[in-house]
There are 2 protein chains.
Amino acid sequence: MSSVAKKTVGTGAPETTSTSQATAERIPAAQRRALILEAATGVFAERGYAGSTTDQVAKAAGISQPYVVRMFGTKETLFLEALDRAQGKLLRAFREVIAAYDAGELTEELQHLDAAAGSGRPEQLKQLMAIAYADLIEDRGILMMLMQAFVAGHEPAIGARAREGFLDIYRLVRDEAGLLPETARDFLAQGMLMNTLIGIRLPEIYEQDSTAEELLECTLRSKLPMVLKASKAQRRAG
Amino acid sequence: MSSVAKKTVGTGAPETTSTSQATAERIPAAQRRALILEAATGVFAERGYAGSTTDQVAKAAGISQPYVVRMFGTKETLFLEALDRAQGKLLRAFREVIAAYDAGELTEELQHLDAAAGSGRPEQLKQLMAIAYADLIEDRGILMMLMQAFVAGHEPAIGARAREGFLDIYRLVRDEAGLLPETARDFLAQGMLMNTLIGIRLPEIYEQDSTAEELLECTLRSKLPMVLKASKAQRRAG
DNA sequence: GGTTTAAGTAATCATTCGATTACAACATCC
DNA sequence: GGATGTTGTAATCGAATGATTACTTAAACC
């Protein structure tokens with residue numbers, strides 16, 4: 001995920017310039033933007049808005065700090081764009097589930113759902129979206145990026161965007177998936193719990209604490225192994 | 001909540017010292033500690049760990065920044081103590097509900113519960129604890145202080161304490177209130193959703209957005225008016 | 001080949017912030 | 001009433017950080 005800074009690899013001959021300048025590979029600005037946003041998502045997700053520095057983002061993206069600032073103007077707009085990107089990914093994931101369901105492409109997946117929870121469209125979509133949500137944990141950046149925005153409400157621009165984004169998700173779940181307000185509420189609540197468990201890094205103590213084990217089991221269900229694997233991978237990546 | 005800095009109020013006579021030094025009222029260190037922790041809870045809840053400064057805490061407590069640092073050593077230990085305090089308040093609130101219930105002191109409150117949700121001890125305690133939880137929103141500092149700790153998991157000391165604290169709450173709900181793991185999970189999930197709605201300051205747009213209105217209604221129920229009032233009061237204090 | 005444009009960095013600046021030091025004033029004890 | 005400990009502040013320091021400026025160098029254009 002986080003790419004490492006690369007020097008321009010010479011032909012084996014000595015450096016072309018006497019002053020060895022670590023210049024990143026030159027790529028079009030649009031692509032660089034996307035790379036920076038991806039890196040920023042990881043950094044902001046990990047350390048929050050105030051706790052992150054533009055230099056950390058730059059290093060994660062393999063470029064220099066001034067370039068990050070010049071491309072996005074300010075740290076705040078960088079955060080807002082990363083937030084938009086994360087929210088977009090979440091909305092898209094949900095909409096893909098709904099579209100696939102309505103197209104009848106999920107007959108296989110339907111077999112594995114909890115039949116006791118109901119067999120109507122909203123009930124089944126709720127379960128399928130919960131799985132899609134948990135799948136996003138694997139990325140780790142996406143959901144924690146959103147979570148960090150949710151607790152940065154005191155920054156006026158971020159707070160406003162976070163409110164709008166949260167309501168967008170609620171409306172999607174209610175209007176497009178067809179959940180009743182109370183069901184939509186419960187769905188969102190489960191999501192916020194997952195975010196919290198990831199935020200406190202509970203998977204890291206899964207093996208050492210039986211309470212953590214039980215809570216994770218009963219919250220993540222079939223997605224737990226994937227989350228545990230992702231957690232270990234992230235610890236290795238440091 | 002947030003006390004204002006006060007100068008030593010003279011007798012009406014001119015200042016006793018030529019150099020007007022704004023000295024806070026002298027009170028015992030133990031009491032001062034408590035005041036600082038209360039102020040710190042508000043500041044950290046609002047802006048998070050990284051986003052808060054010891055000077056903001058000092059100003060909120062009406063004393064100087066060096067005094068804050070000297071009394072707690074570092075910003076991190078100040079945060080950790082404020083976290084302990086907040087968690088203690090939450091645990092105590094839940095335990096008081098359980099004790100009162102088991103002592104039969106809540107016959108009046110039981111009338112107002114949702115009978116459809118069940119009439120056993122766990123079901124009733126769950127509803128009563130949810131009310132107690134929502135009551136804590138009025139303070140605003142307590143729950144957001146916890147929430148801020150939950151997303152600061154990358155700070156090793158804070159993450160460890162946050163994990164332990166969250167598991168403490170889960171165990172209380174499961175073992176002392178007697179909820180099944182799945183019920184305890186749902187209870188915590190509702191709490192995390194409330195935290196999130198407070199974090200994004202959704203009550204602030206209650207009047208302007210019908211979606212926000214619906215979501216708040218169905219999440220906070222009878223506690224909504226209180227939360228809306230607290231939200232307005234906080235905006236005035238801003 | 002020479003010019004222009006796009007992609008990128010080094011150097012640096014002004015603030016901010018946590019922490020330290022040194023000092024002031026009040027209370028208490030003998 | 002002087003010594004002593006407690007409660008507090010002013011001044012300041014070093015490190016970190018977001019942003020700016022002034023360059024460099026590679027690519028594209030003609």
Side-chain angles (χ1 to χ4, degrees), chain A residues 3 5-11 15-36 39-40 43-44 47-80 155 157, chain B residues 3 5-11 15-36 39-40 43-44 47-80 155 157:
Chain A
S3 56
K6 269 192 298 188
K7 293 192 170 233
T8 43
V9 53
T11 60
E15 294 284 348
T16 46
T17 56
S18 56
T19 65
S20 76
Q21 188 163 325
T23 298
E25 195 186 356
R26 281 171 83 103
I27 61 178
Q31 292 176 38
R32 184 64 79 189
R33 259 187 98 83
L35 289 176
I36 296 177
V43 173
F44 284 134
R47 323 179 73 98
Y49 174 63
S52 302
T53 72
T54 53
D55 193 54
Q56 288 165 347
V57 173
K59 285 201 166 54
I63 56 171
S64 68
Q65 181 260 350
Y67 197 18
V68 171
V69 173
R70 216 186 38 187
M71 191 164 283
F72 290 91
T74 67
K75 180 169 115 166
E76 186 177 65
T77 60
L78 172 59
F79 186 90
L80 290 173
E155 296 267 346
Chain B
S3 56
K6 269 193 301 187
K7 294 193 171 233
T8 43
V9 52
T11 60
E15 294 286 347
T16 46
T17 57
S18 56
T19 66
S20 76
Q21 188 164 323
T23 298
E25 193 186 358
R26 281 173 81 102
I27 61 177
Q31 291 177 39
R32 184 64 78 189
R33 260 187 97 83
L35 289 176
I36 296 177
V43 173
F44 284 134
R47 324 179 74 100
Y49 174 63
S52 302
T53 72
T54 52
D55 193 54
Q56 288 164 348
V57 173
K59 285 200 167 54
I63 56 170
S64 69
Q65 181 261 350
Y67 197 17
V68 172
V69 173
R70 214 184 42 187
M71 191 163 285
F72 290 90
T74 67
K75 180 170 115 167
E76 186 178 65
T77 61
L78 172 60
F79 186 90
L80 290 173
E155 295 268 346

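Convention: sequence-line order gives letters A, B, ...; per-chain numbering from 1.
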Rounded to whole Å, the CD-P distance (A:Gln31 to C:dA7) equals 10 Å
Here the distance between atom P of D:dT12 and atom CG of B:Asp55, to the nearest Å, is 17 Å
Report yes if a side-chain nitrogen or oxygen of B:Thr53 is closer than 4.0 Å to either non-bridging phosphate oxygen (OP1 or OP2) of C:dC17; otherwise report no. no
For the side chain of B:Thr77 and the backbone of B:Phe72, is there at least one donor-acceptor N/O pair under 3.5 Å apart? yes
B:Gln65 has an atom CD; how far is it from atom C1' of C:dT16, in whole Å? 11 Å
5' precedence on DNA chain D between B:Ala30 and A:Thr74 (nearest-nucleotide basis): B:Ala30
CD/B:Gln31 to CZ/B:Arg26 distance, rounded to the nearest 0.5 angstrom? 13.5 Å
In terms of heavy-atom contacts, B:Ser52 and B:Val43 come closest through OG-O, 3.3 Å
Within this structure, what is the CD-CD1 distance for the pair B:Glu25 and B:Ile63, rounded to the nearest 0.5 Å? 13.0 Å
Should B:Tyr67 be listed as having a side-chain N or O under 4.0 Å from OP1 or OP2 of D:dT9? no
B:Gln56 CD to C:dT16 C1': how many Å, rounded? 11 Å
Quick one: are B:Ile27 and B:Leu35 in side-chain contact, heavy atoms under 4.5 Å? yes
Within the side chain of B:Gln56, is there an N or O that forms a donor-acceptor pair under 3.5 Å with the backbone of B:Thr53? yes
Calculate the interatomic distance between B:Ile63 atom CD1 and D:dA10 atom P; express it in whole Å. 12 Å
Round to a whole Å and report the spacing from CZ of B:Arg26 to C1' of D:dT6. 6 Å
For A:Phe79, enumerate each residue passing the ring pair (Phe, Tyr, Trp, His ring centres under 6.0 Å) test, keeping only those at least two apart in sequence or located in another chain. A:Phe44, A:Tyr49
Measure the distance from CZ on B:Arg70 to C1' on D:dT9 and round it to the nearest whole Å. 9 Å
Report which part of the nucleic acid A:Arg32 touches: base, sugar-phosphate, or nothing (heavy-atom distance under 4.0 Å, all strands). sugar-phosphate
Taking only the side-chain heavy atoms of B:Ala29 (C-beta and beyond), determine which of D:dT17, D:dT7, C:dA7 contains the nearest atom. D:dT7
Checking D:dT21, D:dT17, D:dG8 against the side chain of A:Pro66 (C-beta onward), the nearest is D:dT21
What's A:Ser64 touching, base or sugar-phosphate or nothing? Going by heavy atoms closer than 4.0 Å. base
Kindly calculate the angle separating the two end axes of the helix from C:dG1-D:dC30 to C:dC30-D:dG1, each obtained from five base pairs, and round it to 10 degrees. 0°
Between CZ of A:Arg33 and P of C:dA6 the distance, given in whole Å, is 15 Å
